[in-house]
Protein chains: 4
Amino acid sequence: MARPLSEEKRDAILTSAAEVVAAQGVSAPTAGIAKGAGVAEGTLFTYFTTKDALLNQLYLALKDELRAALVRGYPSRGAPRDRWRHVWDSYVDWGAANPAKRKAMRQLTVSDRISPRSREIGGRGFDEVAALMEESLASGVMKTLPPDFGQAVMESLAEMTLEFMAREPGERERYKQAGFEAFWNAVSAP
Amino acid sequence: MARPLSEEKRDAILTSAAEVVAAQGVSAPTAGIAKGAGVAEGTLFTYFTTKDALLNQLYLALKDELRAALVRGYPSRGAPRDRWRHVWDSYVDWGAANPAKRKAMRQLTVSDRISPRSREIGGRGFDEVAALMEESLASGVMKTLPPDFGQAVMESLAEMTLEFMAREPGERERYKQAGFEAFWNAVSAP
Amino acid sequence: MARPLSEEKRDAILTSAAEVVAAQGVSAPTAGIAKGAGVAEGTLFTYFTTKDALLNQLYLALKDELRAALVRGYPSRGAPRDRWRHVWDSYVDWGAANPAKRKAMRQLTVSDRISPRSREIGGRGFDEVAALMEESLASGVMKTLPPDFGQAVMESLAEMTLEFMAREPGERERYKQAGFEAFWNAVSAP
Amino acid sequence: MARPLSEEKRDAILTSAAEVVAAQGVSAPTAGIAKGAGVAEGTLFTYFTTKDALLNQLYLALKDELRAALVRGYPSRGAPRDRWRHVWDSYVDWGAANPAKRKAMRQLTVSDRISPRSREIGGRGFDEVAALMEESLASGVMKTLPPDFGQAVMESLAEMTLEFMAREPGERERYKQAGFEAFWNAVSAP
DNA sequence: TATGAATGAGTGTTCATTCAT
DNA sequence: CATGAATGAACACTCATTCAT
């Protein structure tokens with residue numbers, strides 16, 4: 001049955017793509033991505049029909065990885081603040097541990113090469129997360145707004161916090177903490 | 001290069017660039033920008049030495065326009081909350097009124113073609129704004145954090161709010177209001 | 001290479017090649033030919049060392065099939081006109097019955113990928129045919145010309161006739177008849 | 001008004017294309033065509049939007065040149081045979097004098113990259129020619145067939161004759177003469 | 001100064017062929 | 001022997017920039 005498509009190689013391409021896109025944007029040459037993955041230029045196209053296909057699948061893979069990080073260890077029975085805290089910490093820790101992936105995700109998010117369908121699927125994973133905690137927003141500012149909004153508040157504040165953490169690595173913990181306070185106040189204050 | 005003959009033409013190119021970059025990203029061809037400005041392909045390069053130069057100057061021009069919008073009508077003697085409110089409203093109104101410019105700014109911000117120097121100069125304008133209100137943060141969460149941070153909280157929440165406003169135009173006022181509440185709580189809660 | 005295991009598979013590849021070349025020209029991908037033959041991409045190369053080898057062998061196979069059609073039922077003892085008529089009818093009938101093969105042959109004939117050697121061998125088969133009837137040209141226009149020429153007159157008129165037949169299927173018989181008259185006059189008139 | 005598009009350069013590209021296509025077929029690289037024309041690779045695309053566009057326009061240019069050759073010196077008032085003779089001689093002389101153009105035309109004719117529209121336009125020129133002599137076919141074999149057919153008989157016999165002339169340059173005149181006899185008999189015999 | 005044709009390096013993608021399975 | 005993944009040289013076409021007009 002000849003050589004089977006190697007999951008390993010596919011991952012190497014996605015990993016390389018994340019790095020290269022983080023560094024050079026979505027217009028980075030596929031040749032560079034292939035090189036970074038240690039495969040031939042043509043091989044990339046046996047795993048991804050098109051550059052756009054690669055970018056969209058990278059987007060989904062990153063979203064999925066992040067989602068997995070948020071869910072891991074989620075304290076289902078904790079107090080709402082603790083649960084949000086867990087999500088916040090997971091998000092920020094993942095972002096701090098994977099700066100390239102985070103930057104790539106940002107590039108992809110603003111790119112018009114990510115299809116609406118991908119965006120929908122990519123967001124879908126987080127509906128789970130949103131659902132998990134919807135009830136925790138029964139009070140406070142978020143009362144009357146779609147759960148999307150609360151989630152988006154978290155996301156944008158976490159991104160911003162990560163930016164500061166990256167700029168001043170010595171102050172990481174402080175920013176992580178302050179960011180959460182800001183978020184929690186934003187979302188829960190009466 | 002001295003002073004180019006026509007300020008008007010320079011502006012036309014910048015305006016076209018904002019539209020085209022908003023629609024197609026920073027990799028949009030200069031030919032399209034020139035066409036949109038009603039000038040010849042080559043003319044663009046008598047006003048901007050390089051595509052990168054154009055993008056950087058567009059970035060600065062947009063930052064400056066936004067800054068001007070924030071300062072206009074600023075109630076220097078008002079209560080802190082009112083002053084922040086003015087900044088918030090100005091930001092969000094400008095963004096809602098100039099969706100292409102905002103989208104272009106977003107594209108430019110994540111692009112690696114904007115030099116660190118441009119980013120610094122672009123931020124500098126806001127130091128004024130920051131300075132104007134530094135004192136207002138003498139209490140609350142922001143107490144012990146750099147004024148940048150408070151500013152960044154505002155910016156990221158405003159951007160996110162604009163996204164929601166664009167998606168559901170019927171709910172504009174509601175999001176604008178809710179966004180400000182979230183921001184104000186984030187930043188001022190004890 | 002010895003004798004490849006399956007004559008059947010070799011034929012399937014040649015048949016597929018004829019169809020694909022007819023439809024897409026000699027630049028058709030080998031992958032498509034393999035697929036059409038129901039074999040793997042690589043298998044094609046165990047039967048034909050090279051794409052050029054495949055094309056050349058296809059050319060020869062088609063020439064041979066056509067030659068066989070001309071010889072079948074040849075009335076060795078008939079009057080010259082009847083013999084030519086048999087050849088003409090056989091040629092045209094074969095072409096009408098195998099439009100893809102005929103189109104493929106045409107593509108191959110003008111292609112620079114068919115080697116001079118193949119052309120020579122491909123023509124050789126017809127020397128038999130030519131020889132069979134050489135004597136029939138002892139008079140008429142062809143008197144002083146190489147038998148090739150008479151043969152070529154037939155071939156080119158037959159090809160042209162097939163074109164018209166393909167274009168207007170309702171008039172097939174008429175064209176077939178008129179084509180032969182033209183040929184016969186061309187070749188036999190005093 | 002900047003540099004105007006140069007008719008000269010366009011012609012150089014078409015001429016180079018004819019040579020390169022004659023030698024290598026329609027799949028010849030555009031780079032080679034550009035090089036042959038003494039222009040940069042990119043320049044080719046300011047004159048022809050697409051390789052297909054170039055091939056189609058080359059086809060039309062060649063058809064037109066041939067048509068012009070046939071019409072030049074046409075003896076409108078001559079006897080039918082003399083008029084056909086003129087057409088035959090013009091065709092064959094043009095083909096013998098421009099072997100590359102002829103070979104290119106042949107390649108283009110069998111290629112599927114020539115659009116039906118181009119074929120129609122390319123044929124259109126010859127309707128003139130056909131019309132010029134339609135009446136001359138009031139008798140003979142062609143009596144009851146479309147004028148296309150007579151024209152096609154001429155074309156295919158002329159092409160074949162050119163082939164023989166190219167193969168044996170010493171016998172040119174003989175083939176030219178014999179070819180015409182064959183054609184004339186084919187078409188006019190009772 | 002304004003124009004837009006000219007340039008050629010760079011891009012995504014294809015494809016004949018090889019070779020690990 | 002059969003398979004199809006792997007390879008990398010081409011290829012058509014784009015685009016920032018230059019420069020003749």
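Small disclaimer: the values here were computed from a predicted structure and weren't measured. Just so it is clear: chains get the letters A, B, ... in the order the sequence lines come, proteins before strands, and each one is counted from 1.
- When the nucleotides F:dA6, E:dT17, F:dA2 are ranked by their closest atom to the side chain of A:Leu5, F:dA6 comes out on top.
- In this structure, NZ of B:Lys51 is placed 4 Å from P of F:dA16, rounded to the nearest angstrom.
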Which atom pairs, donor and acceptor, lie under 3.5 Å between side-chain atoms of residues 104-112 of chain C and protein residues at least two apart or in another chain?
unit_1	atom_1	unit_2	atom_2	d
C:Gln107	NE2	D:Val110	O	3.3
C:Thr109	OG1	C:Met105	O	2.6
C:Ser111	OG	C:Arg113	N	2.9

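- The distance between atom CG of C:Asp52 and atom P of E:dT17, rounded to the nearest whole Å, is 7 Å.
- Residues D:Lys63 and D:Gly122 share a closest heavy-atom pair of CD-O, 3.8 Å.
- The backbone N or O of A:Ser115 lies less than 3.5 Å from a partner atom in the side chain of A:Asn56, making a donor-acceptor pair.
- Residue order along DNA chain F, read from the 5' end via each residue's closest nucleotide, puts C:Glu41 first among A:Ala40 and C:Glu41.
- Nearest heavy atoms, D:Gly32 versus D:Ser16: O-OG, 4.1 Å.
- The 5' end of DNA chain E is approached more closely, in terms of each residue's nearest nucleotide, by D:Thr46 than by the other of D:Thr46 and A:Arg113.
- Residue D:Tyr47 is classed as a sugar-phosphate contact, given heavy-atom separations below 4.0 Å to backbone atoms only.
- Between C:Leu44 atom CG and F:dA5 atom P the separation is 16 Å, expressed in whole Å.
- Toward the 5′ end of DNA chain F lies the nearest nucleotide of D:Gly42, the other residue of the pair B:Gly42 and D:Gly42 mapping further downstream.
- Across D:Ser118 and D:Leu60, no two heavy atoms sit closer than the pair O-CD2, 3.5 Å.
- Residues D:Gln24 and D:Pro29 share a closest heavy-atom pair of OE1-CD, 3.9 Å.
- Across all strands, D:Ser6 comes closer than 4.0 Å to no nucleic acid atom at all (heavy-atom distances).
- As rounded to whole Å, 5 Å separates atom P of E:dT13 from atom CZ of A:Phe45.
- If you take CG of D:Leu54 and C1' of F:dA12, they are 12 Å apart, rounded to a whole angstrom.
- A stem is defined here as three or more consecutive Watson-Crick or G-U pairs, each with both distances under 3.5 Å; for DNA chain F these stems are E:2-21 with F:2-21.
- Taking 4.0 angstrom as the limit, B:Lys9 places a side-chain polar atom (N or O) nearer than this to OP1 or OP2 of E:dA2.
- For C:Lys51 (side chain) and C:Val26 (main-chain N/O), a donor-acceptor pair under 3.5 Å exists by modelled atom type.
- In this structure, a donor-acceptor pair under 3.5 Å is absent between the side chains of B:Thr46 and B:Thr43.
- In plain terms, the two heavy atoms of C:Phe48 and C:Ile13 that are nearest each other are CE1-CG2, 3.6 Å.
- Between B:Phe48 atom CZ and F:dC15 atom C1' the separation is 19 Å, expressed in whole Å.
- Rounded to whole Å, atom P of E:dA6 lies 11 Å from atom CD of D:Glu8.
- Across E:dA6, E:dT17, F:dT17, the shortest atom-to-atom separation from the side chain of C:Thr50 is found for E:dT17.
- Contacts between residues 24-39 of chain A and DNA chain F, defined by a heavy-atom separation below 4.0 Å, involve A:Val39, listed by number.
- Of all the heavy atoms in D:Gly95 and D:Arg102, the pair that sits closest is CA-CD, 3.8 Å.
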